[in-house]
Amino acid sequence: IIEERAQNPIHPMVIFYPYEMVSTHDSTVLLSEKTGDLKIQQKGKDGVVLYVGNCIDTIKDLQETMSAEGLDYSFISCSQMKPFNVSSLLDKISKFDKIVTIEENVLNAGFGSIISEILHDHNLNKSLIRIGLDCKFVKPGNKIDLTKSNKIDADSIIKSIHKKWG
């Protein structure tokens, strides 16, 4: 009924989705080196993954998979969206040609779009993959199933990276 109503709105409506707690299996992601609003969680040389939101489990799975495949990426948690610390971001990504953004949000005008605008505004020729949700109704469900069905899980992210960069 919610999906039908969302696709055919008659009056204003509010839908409350419960948001899961941050994973406690590894709190080092939250306690990493911090520079402004950018937390360096892991340093690498092949590219950089910038992420925002409650996606710690996905990030840990992605790190493990990348490591097993010999991909050495930096991981940076961006905890503050506005105002965004542009100078800190530019400093952190300057040596990388490959950038992946991950968000549990709609891609249109989201985190990946902010990063894309910054790259464009500073005339940086970087290759960017934006991982996030399409602008559509997402049925409620548990986080694991939803990340897989919306292709924002670690396996889907790896496939996107291989598709674009080999």
Side-chain angles (χ1 to χ4, degrees), residues 17-81 84-85 88-119 124 126-136 138-166:
Y17 278 8
Y19 206 68
E20 297 176 24
M21 291 178 48
V22 173
S23 171
T24 57
H25 83 272
D26 189 349
S27 61
T28 59
V29 174
L30 301 175
L31 303 174
S32 302
E33 172 189 341
K34 186 172 192 247
T35 306
D37 57 343
L38 304 177
K39 299 175 190 173
I40 301 170
Q41 199 274 321
Q42 176 178 309
K43 293 183 181 180
K45 61 178 174 34
D46 296 338
V48 62
V49 175
L50 305 169
Y51 63 97
V52 65
N54 184 11
C55 57
I56 293 170
D57 287 332
T58 299
I59 295 303
K60 294 306 287 182
D61 291 345
L62 185 59
Q63 288 172 328
E64 290 170 10
T65 304
M66 287 179 134
S67 178
E69 292 190 12
L71 299 172
D72 185 22
Y73 276 63
S74 288
F75 283 79
I76 300 175
S77 172
C78 304
S79 59
Q80 181 177 324
M81 296 300 299
F84 196 82
N85 190 336
S88 180
L89 174 74
L90 293 173
D91 179 56
K92 301 283 182 276
I93 67 169
S94 64
K95 65 181 179 181
F96 300 110
D97 291 326
K98 298 174 183 175
I99 301 171
V100 179
T101 63
I102 301 173
E103 61 188 301
E104 291 180 340
N105 226 339
V106 176
L107 285 170
N108 296 349
F111 174 63
S113 295
I114 291 172
I115 302 303
S116 180
E117 287 177 23
I118 292 169
L119 296 175
L124 297 175
K126 309 279 184 182
S127 186
L128 176 67
I129 297 174
R130 297 181 312 135
I131 304 293
L133 301 174
D134 292 328
C135 192
K136 65 178 185 179
V138 176
K139 293 180 182 180
N142 74 54
K143 187 169 180 162
I144 294 170
D145 292 341
L146 290 174
T147 57
K148 285 182 183 180
S149 67
N150 288 284
K151 298 185 180 358
I152 58 173
D153 62 307
D155 290 338
S156 298
I157 294 168
I158 287 289
K159 286 178 185 172
S160 295
I161 289 169
H162 286 314
K163 182 178 179 182
K164 184 156 186 156
W165 297 318

>> Can you confirm whether Ser127 sits close enough to Asp97 that some side-chain heavy atom of one is under 4.5 Å from a side-chain heavy atom of the other?
In response: no
>> How long is the straight-line distance from CD1 of Ile131 back to CG of Leu50, given to the nearest 0.5 Å?
In response: 12.0 Å
> Looking only at heavy atoms, what is the nearest atom pair of Ser88 and Asn85, with distance?
Replying inline: N-OD1, 3.0 Å
> With sequence neighbours excluded, what pairs up with Asp145 under the side-chain hydrogen bond (donor to acceptor under 3.5 Å, both in side chains) test?
Replying inline: Asn142
> Roughly how far, to the nearest 0.5 Å, is the CD1 atom of Ile99 from the CD1 atom of Ile115?
Replying inline: 7.5 Å
> Between atom OG1 of Thr101 and atom CD1 of Ile76, what is the distance when rounded to the nearest 0.5 Å?
Replying inline: 12.5 Å
> To the nearest 0.5 Å, what is the distance between OG1 (Thr147) and CG (Leu133)?
Replying inline: 10.0 Å
> Side chain of Lys164, backbone of Leu128: donor and acceptor closer than 3.5 Å?
Replying inline: yes
> Going from CD1 on Ile56 to CG on Leu62, what distance comes out if it is rounded to the nearest 0.5 angstrom?
Replying inline: 13.5 Å
>> Looking at every heavy atom in both Ser113 and Arg130, which two are closest together, and how far apart are they?
In response: OG-NH1, 2.9 Å
>> Restricting to non-hydrogen atoms, name the atom on Phe111 and the atom on Ile102 that form the minimum distance, rounded to 0.1 Å.
In response: CD2-O, 4.0 Å
> Tell me, do Thr58 and Ile152 make a side-chain contact under 4.5 Å, heavy atoms counted?
Replying inline: no
>> Please check this pair: side chain of Lys126 against backbone of Phe96, looking for a donor-acceptor N/O pair closer than 3.5 Å.
In response: yes
> Would you call Ile144 and Asp57 a side-chain contact if the rule is heavy atoms closer than 4.5 Å?
Replying inline: no
>> Can a donor-acceptor pair be found, under 3.5 Å and without considering hydrogens, that links the side chain of Ser74 to the backbone of Lys43?
In response: no
>> Nearest 0.5 angstrom please: Asp134 CG to Asn150 CG, how far?
In response: 7.5 Å
> Counting distance only, does the side-chain N/O of Lys98 pair as donor-acceptor with the main-chain N or O of Val49 below 3.5 Å?
Replying inline: no
Distance-only check: which donor-acceptor pairs under 3.5 Å involve side-chain atoms of residues 65-73, not counting sequence neighbours?
| unit_1 | atom_1 | unit_2 | atom_2 | d |
| --- | --- | --- | --- | --- |
| Thr65 | OG1 | Asp61 | O | 2.9 |
| Glu69 | OE1 | His162 | NE2 | 2.5 |
| Asp72 | OD2 | Lys45 | N | 3.4 |

>> Any side-chain to backbone donor/acceptor pair from Gln41 onto Ser77? Under 3.5 Å, distance only.
In response: no
